[in-house]
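The structure under discussion appears below in the form of structure tokens.
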Amino acid sequence: MDYPIDTIRDDFPILSAKTDSGAPMVYLDNAATSQKPSVVVDAIRTYYEETNANVHRGMHHLAEKATAEFEGAREAIAAFVGAPDARSVIFTRGTTESINLVAQAWGRKFLKAGDEVVLSIMEHHSNIVPWQMLAQASGVRLKYIPMLDDGSLDLEAYRALLQGPVKLVSVTHVSNALGTVNPIAEIISLAHEAGARILIDSAQGIPHGPVDVTALDADFLAFSAHKMCGPTGFGVLYGKEALLEVMDPFLGGGEMIHTVGLESSTWADLPYKFEAGTPNIAGAIVTRTAIAYLQGIGFDAIEKQVHDVTDYAVKALSRVEGLTLHGNPPERGGALAFNMEGLHPHDISQIINEEGIAIRAGHVCCQPLMERLGRPAIARASFYFYNTVEEVDRLVASLDTVKKIFRI
Amino acid sequence: MDYPIDTIRDDFPILSAKTDSGAPMVYLDNAATSQKPSVVVDAIRTYYEETNANVHRGMHHLAEKATAEFEGAREAIAAFVGAPDARSVIFTRGTTESINLVAQAWGRKFLKAGDEVVLSIMEHHSNIVPWQMLAQASGVRLKYIPMLDDGSLDLEAYRALLQGPVKLVSVTHVSNALGTVNPIAEIISLAHEAGARILIDSAQGIPHGPVDVTALDADFLAFSAHKMCGPTGFGVLYGKEALLEVMDPFLGGGEMIHTVGLESSTWADLPYKFEAGTPNIAGAIVTRTAIAYLQGIGFDAIEKQVHDVTDYAVKALSRVEGLTLHGNPPERGGALAFNMEGLHPHDISQIINEEGIAIRAGHVCCQPLMERLGRPAIARASFYFYNTVEEVDRLVASLDTVKKIFRI
Amino acid sequence: MNLDELYQEIILAHFKRPHHARNFAEDEAFEEAFNPTCGDKTRVLGQVAGDRVSGLEHDTQGCAISIASASILCERLSGTSVEECRAQVRTLVDGLHGRRVPGYPEQDPLAALLTVKRFPMRIRCATLSWEALEKWLDRQDPA
Amino acid sequence: MNLDELYQEIILAHFKRPHHARNFAEDEAFEEAFNPTCGDKTRVLGQVAGDRVSGLEHDTQGCAISIASASILCERLSGTSVEECRAQVRTLVDGLHGRRVPGYPEQDPLAALLTVKRFPMRIRCATLSWEALEKWLDRQDPA
Ligand SMILES: Cc1ncc(COP(=O)(O)O)c(C=O)c1O
Ligand SMILES: Cc1ncc(COP(=O)(O)O)c(C=O)c1O
């Protein structure tokens, strides 16, 4: 069966929008956030119009219904990531909060001065700064896996780093800048061989293909709903139950307690110990809808479409004179980064925006990677399963306009 | 002009719903979360179908639009609370996260062993547990303002507590259990006279009437959107700029940084220093819609309706034999707590739910208050501006059913 | 859902006049179970001689279901063996969670308790004292 | 929006051949402004003799707007008084934020720079070097 691209695009009304300048939009900023299909937006409405109540604490009709849908979402998300139990699925605001949760609730308790945390040079700021804050608080040392020129991680150097007193490795599944798909199965087993725990930042991974935390033996895995057709303000931390059990709580408040005394309190069971306050209830429930939508299309089909479009883009952009594509990793997700001679990415992005083309320009939250590339900023095009090769053609054509305006 | 209760109720489709048992619903659990008017739900759709993009970092059409709406929401929320500048409005997941933010980013830096934090016995767990966690980490001591039998705070005792080395007072604006409206202007000025900072937990206050942080001279103020017709997963911390400026960051990640190096980073300006990661963008934008909706009805009208209905309920419930209403504070918001002789609140709640009536039963996240009342649990009815005296009548009538089932 | 099913005569009777109920002193050898979402709390203790459990008592703060459940528990299990107690706990808890259908005789108070399974938010009320008993049994014979 | 307005000939000329631009050594007495949302960075230094500012130079990593802006700044303000420099900074920044309309002559490169105000996401690009200059002036005469 052919990939039903037209039907799929119809699921996203925004893809037919025009920009202020009247140009039909080409949305190539999916690594920043994905668009949302109508089923997800409809599910938000249905939640608020038919179910809305606070969860867990009420025994009236709506509270029961909201709680059942909310915990049903947890079960569905647990199944989606291959978690053995819904207890190990913690709801957060997004990848960033998930990583901070581990840094604070696990790192502050179990890491001490001199212990090492291994990151990589291609991490998003959200997988760097929490560890720097931990380092400041506890004296932990940070080490970075360097990158080869093709944009892949230097696994030899990684092995060497693992000789040190490494207690945790925290790396990205897929680079949000270069699109590099890292060999996480190998990275995880090397970490475990060295006796280290591992966190996988799958913000850019899981939107493109399911992850099985049990098969991978990941200790922690973080992702955001908004990059996979879900709502803003919702994300997940998966953690092995045995690890979560012994961790300190993260934030304090309603929901995460067992008993509250004047002097001290005791903590609720998993996963609630880590979920203080009223959660993003609608967020959880419609993230389940988003996952079901993606599964309905099929992750194989999604991967193939993204792969085909990205591949096409790599080839097309390689032919643009004066354009440098960064990296050429063995496996690439739906993102690519480039620069053009004599042009700053901002100007590129601004000009092609007038033709309706949305890409991102800047450090894309990867300043250390920019240092490594020797560029203060890059232009990034990132694709999802609703993008097409025709859109890539429009991107490429728009770069001519840029050159024309800049008399290049 | 008469209060247009029918039009208002029409704004909330869920209010016309029936429960599983076929009874028309009477939603009296507003202190847990409010219902959402259609304009808010529509605004969510509009955002996702016409604007959705990640904020701040892009210069394409959608990113500009999303950023403008997101920052426009901040301006509107700043104006709503009387903040002198939008820089002092921090976006969080809700009241709970807002309070944790202060406990961690301000408390850990500026409070030391022996310093005292004054809370009250009627606080929600979300305004107790973060301070207990701080106490554990830093040796700060917690003191509690006791409560008089009428459900109001003992201000004499508060003055006495302020003789101690108090660095912070953190109290609720309105009790979520008893409905007590605390005299926050007085509480704030007493705290300031004693040289202490003050945080107001306005989760139950601001939904019923606007707060002017500048006039009140509040140092910090926290609230949640979901209790005031807004979405789940969004809340606010207002803080005085001078305080926010010198605080440490809270969570680390994208958006909250200025520069990121391998070893250390520098922080972004306010308010971004406290907003790591992709925020709940839709949440912020539609909270503005919720506030505009409330303003459209008019807070005077809202307050009057809630007051009238609550008053009516107090009188009607007082006539129910065997029913004890807790507290009789000089000023009462839209909540009241009661117990019935020979009955447990859960059974009450369960039985009246069959008649469509949604109240809450339990400790309502106030275990220390339950201790004070000498009750393990209470039944709570809480009202918002769409509730009516007829609904109160139905509540009261339903209590007869409870008695009948229990042969009382 | 029919409330008369939940609040059957026998449940109400046990709630209104709970058997084997008293206020325990803090230093007695009870075990406790607590439901943080609602604040209900039940404590259970008894004696063990040989493999016989006797004199089960409870101290319960809670709703009609949790009190009746504790009362029925003490009445039904006092005088049985440790083995039998454990088996009864598993049977009731599994029954309430719909994992297995216990073969309680129709007039058995346990059959009345089992109807709670149709009210998901109340299942924990019914299991609370049974959790406490299980903890208490664990402490008696840590095998 | 018309891009030709943003990328006028004079802006492009300054971008392609920026005036008074060079790479500063880390120990020179520059001041820096940085835009964290995009990573653009500009550094400015000069000399002050009496109340005269001279020899303004910049070291800018950034887009066409930020580079052209820094280039125009150095060209226009070298040789003016400290007072005049400060006034020009305020005039341009206020003009870009739409708070006041400066009376730049039509052919003035500053008039070209001012068109950036119609592109909200780029205003910071245009003000970056001016922020750095202001910081640098503050250090010269901390009055
Ligand atoms: C007085 C009070 N404070 C704090 C909270 C916590 O708010 P949230 O759960 O939205 O974080 C609540 C809500 O339950 C409350 O009523
Ligand atoms: C690789 C990677 N990690 C972490 C994040 C942070 O995710 P969020 O902003 O949703 O918290 C992102 C998204 O920008 C990302 O691309």
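First the proteins, then the strands, lettered A, B, ... as listed; each starts at 1. The model shown is predicted, which means the values in this text are computed figures rather than measured ones.
- Within 6.0 Å of CD in Gln295(A) there are more than 12 heavy atoms belonging to other residues, nucleotides or ligands.
- Ranking Thr259(A), Asp269(A), Val260(A) against chain C, the residue ahead of the rest is Thr259(A), based on heavy-atom pairs under 4.5 Å.
- Within residues 217-250 of chain A, no residue has a heavy atom under 4.5 Å from a heavy atom of chain C.
- Applying the 6.0 Å contact sphere to CZ of Arg17(C) captures no more than 12 heavy atoms from other residues, nucleotides or ligands.
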